[in-house]
Number of protein chains: 2
Amino acid sequence: MVVLETVADLQPVGVSELAAHLKQPKTSVQRALETLHEASWIRPAVGERTRWELTFRASRLARKAGNHFGLREAALPIMEQLRRETNETIHLAVLDDFEIVLIERLESPHAVRHVEPLGGRAPVLSTATGKAMLSCMDGDEVARVYNEAVKAESQSVAVAPPPSLDALMAELAEIAARGYATTTSWRQDVFATGAVIVAADRRPIAALSVSTPAGRATPENRALHAQLLPIAAQQISEHLF
Amino acid sequence: MVVLETVADLQPVGVSELAAHLKQPKTSVQRALETLHEASWIRPAVGERTRWELTFRASRLARKAGNHFGLREAALPIMEQLRRETNETIHLAVLDDFEIVLIERLESPHAVRHVEPLGGRAPVLSTATGKAMLSCMDGDEVARVYNEAVKAESQSVAVAPPPSLDALMAELAEIAARGYATTTSWRQDVFATGAVIVAADRRPIAALSVSTPAGRATPENRALHAQLLPIAAQQISEHLF
DNA sequence: GTACGATGTTCCAAATTACGGAACGAATTT
DNA sequence: AAATTCGTTCCGTAATTTGGAACATCGTAC
């Protein structure tokens with residue numbers, strides 16, 4: 001499986017290059033490639049015979065990941081309604097380790113709109129969806145995610161300096177109390193409102209967000225989003241079980 | 001890896017149920033689950049301890065599958081431009097076995113619009129994207145895909161009766177000559193135009209499509225799409241290498 | 001409250017499989 | 001023409017997997 005993930009990073013890639021990256025004997029890597037090929041997870045690259053690339057086998061799994069108890073099906077109709085009511089882009093995201101993954105998106109009909117790539121990832125600490133999900137997790141788990149996220153962010157280009165853990169905890173308490181999170185720090189000029197979707201036991205499953213360009217983030221619109229979003233998220237939570 | 005795929009289908013699922021489905025000893029399945037868990041491909045289901053569900057590890061791969069030579073990055077700006085010029089929904093799809101997989105989507109700004117779920121699959125024989133891709137494959141390969149697709153469709157609810165292989169071949173020749181495919185048979189009330197994106201050696205990589213509700217599919221709009229789409233697909237093909 | 005069925009887990013010896021160094025052929029570069 | 005790089009094959013050793021059986025745990029029915 002490590003070979004598979006490395007092929008994903010380096011594709012199209014041959015045996016020797018892989019072996020060098022993995023610091024493993026060529027023979028072992030060769031065998032792994034044969035196995036992955038037999039199972040149709042990889043195939044020879046277009047027009048080549050000895051370099052490999054991914055097939056779409058992984059994508060069939062990916063569609064099912066994070067779809068616990070029919071999340072996508074439960075969420076889409078309510079997302080559609082929310083888009084009608086707000087005319088803004090609606091995102092559905094789940095938490096993976098210390099990152100937010102976008103699993104569904106409905107775009108705003110406006111000409112100026114906020115669009116994230118499908119399947120894209122975003123930092124948990126600076127997004128409305130991320131903070132909404134953290135707001136209903138217990139302290140230990142928040143601390144764990146916080147540490148991993150800070151470590152990861154310090155290695156990449158800093159989007160914004162992460163808040164202290166104490167400041168974050170205070171903000172999360174506030175978010176939990178009022179039922180929604182907001183942010184502008186992830187994408188400049190985008191104002192986002194996020195609310196959490198929970199399982200029957202109140203554990204966080206996913207988060208829903210409304211994203212609007214800063215120019216349209218009037219007090220009236222902010223208030224509208226803050227009012228509608230928690231209700232929509234709540235409806236999805238109830239439809240899950 | 002078979003266990004992994006079965007977990008995807010049955011999640012959340014326990015050892016015994018899996019073993020029964022796979023007709024394998026419980027012990028072997030148990031070991032596979034342990035391994036997958038250690039590698040973070042699965043985790044205990046939310047609020048449970050002995051049933052398993054997928055993590056998002058597969059999604060990281062899925063994003064890279066079908067992204068040969070930076071397809072997504074090359075395609076997006078041109079897709080944006082195409083949306084501006086047509087005001088209709090633009091889809092980017094690739095071929096997986098005998099199905100079309102949607103890997104990127106930009107929605108029409110119109111209130112009435114055609115929306116497919118992200119990562120969704122569609123039959124190759126009845127979609128514009130599918131036929132566009134087939135149109136630049138050689139006869140043997142088309143026949144192979146045709147047979148598999150017919151076999152698969154016969155098991156599910158028939159969307160439309162598949163054409164004969166000869167009729168298909170004739171249509172593909174026409175599509176290849178004029179540079180674009182059209183269809184209305186996949187989704188009723190949706191008129192789609194598709195064109196193929198090729199590698200340097202003219203092998204098909206992906207397909208681009210413009211989808212419009214039947215009501216807006218006027219002769220003028222059809223002509224506009226038929227004119228713009230092959231150019232856009234061609235531009236993406238050239239940017240790939 | 002106890003018996004039952006279903007489910008998850010552990011153990012262990014036999015047998016299969018993986019391991020990886022070395023050698024080889026083919027393709028490309030010097 | 002020699003040298004390097006790359007993919008592939010071979011093979012004895014060694015480690016791992018295998019799966020039946022026993023055990024543990026949970027929920028349920030009587």
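Hydrogens, waters and symmetry mates play no part in the numbers below; they use all other heavy atoms, side chains included. Chain A is the first sequence line, chain B the second, and so forth, proteins listed ahead of strands; every chain is numbered from 1.
- Between A/Glu38 atom CD and C/dT17 atom P there is a gap of 13 Å when expressed in whole angstrom units.
- Using a 4.0 Å heavy-atom distance criterion, A/Thr50 is classed as a sugar-phosphate-only contact.
- Between the CD1 atom of B/Ile42 and the C1' atom of C/dG8 there is a distance of 14 Å, rounded to whole Å.
- When the shell of 6.0 Å around CZ of B/Arg43 is examined, it contains more than 12 heavy atoms from other residues, nucleotides or ligands.
- Heavy atoms of A/Ser16 sit under 4.0 angstrom from primed sugar atoms or phosphate atoms, though from no base atom.
- Distance from the side chain of B/Ser28 is smallest to D/dG19 among D/dG19, D/dG7, C/dA18.
- Between B/Leu33 atom CG and C/dT10 atom P the separation is 13 Å, expressed in whole Å.
- A sub-4.0 Å separation between OP1 or OP2 of D/dT18 and a side-chain N or O of B/Arg31 is present.
- The interatomic distance linking A/Glu17 (CD) with D/dG7 (P) rounds to 9 Å, in whole Å.
- Atoms CG (B/Leu36) and P (D/dT17) sit 13 Å apart, rounded to a whole Å.
- The interatomic distance linking A/His21 (NE2) with D/dC6 (C1') rounds to 15 Å, in whole Å.
- Projected onto DNA chain D by closest heavy-atom contact, B/Pro25 and B/Arg49 fall at different nucleotides, the more 5' of which corresponds to B/Pro25.
- Mapping A/Arg51 and B/Thr27 onto DNA chain D by nearest heavy atom places A/Arg51 at the nucleotide closer to the 5' end.
- A 6.0 Å sphere centred on CZ of B/Arg178 holds more than 12 heavy atoms belonging to other residues, nucleotides or ligands.
- Atom CD in A/Glu48 sits roughly 14 Å away from atom C1' in C/dA27 (whole-Å rounding).
- Considering all non-hydrogen atoms of both residues, A/Glu104 and A/Leu102 come closest at O-CD1, 3.2 Å.
- Just one residue in the list B/Lys64, B/Arg60, B/Arg57 forms a salt bridge (charged side-chain N to carboxylate O under 4.0 Å, His left out) with A/Glu5, and that residue is B/Arg57.
- Going from atom CD of B/Gln24 over to atom C1' of D/dT17 covers 12 Å, rounded to whole Å.
- In this structure, OG on B/Ser164 lies 6.0 Å from OH on B/Tyr146, to the nearest 0.5 angstrom.
- Interface remark: the B/Lys26 side chain does form a donor-acceptor pair with the C/dG8 base, using a distance-only criterion of under 3.5 Å.
- Residue A/Gln30 has no polar side-chain atom (N or O) positioned under 4.0 Å from OP1 or OP2 of D/dG7.
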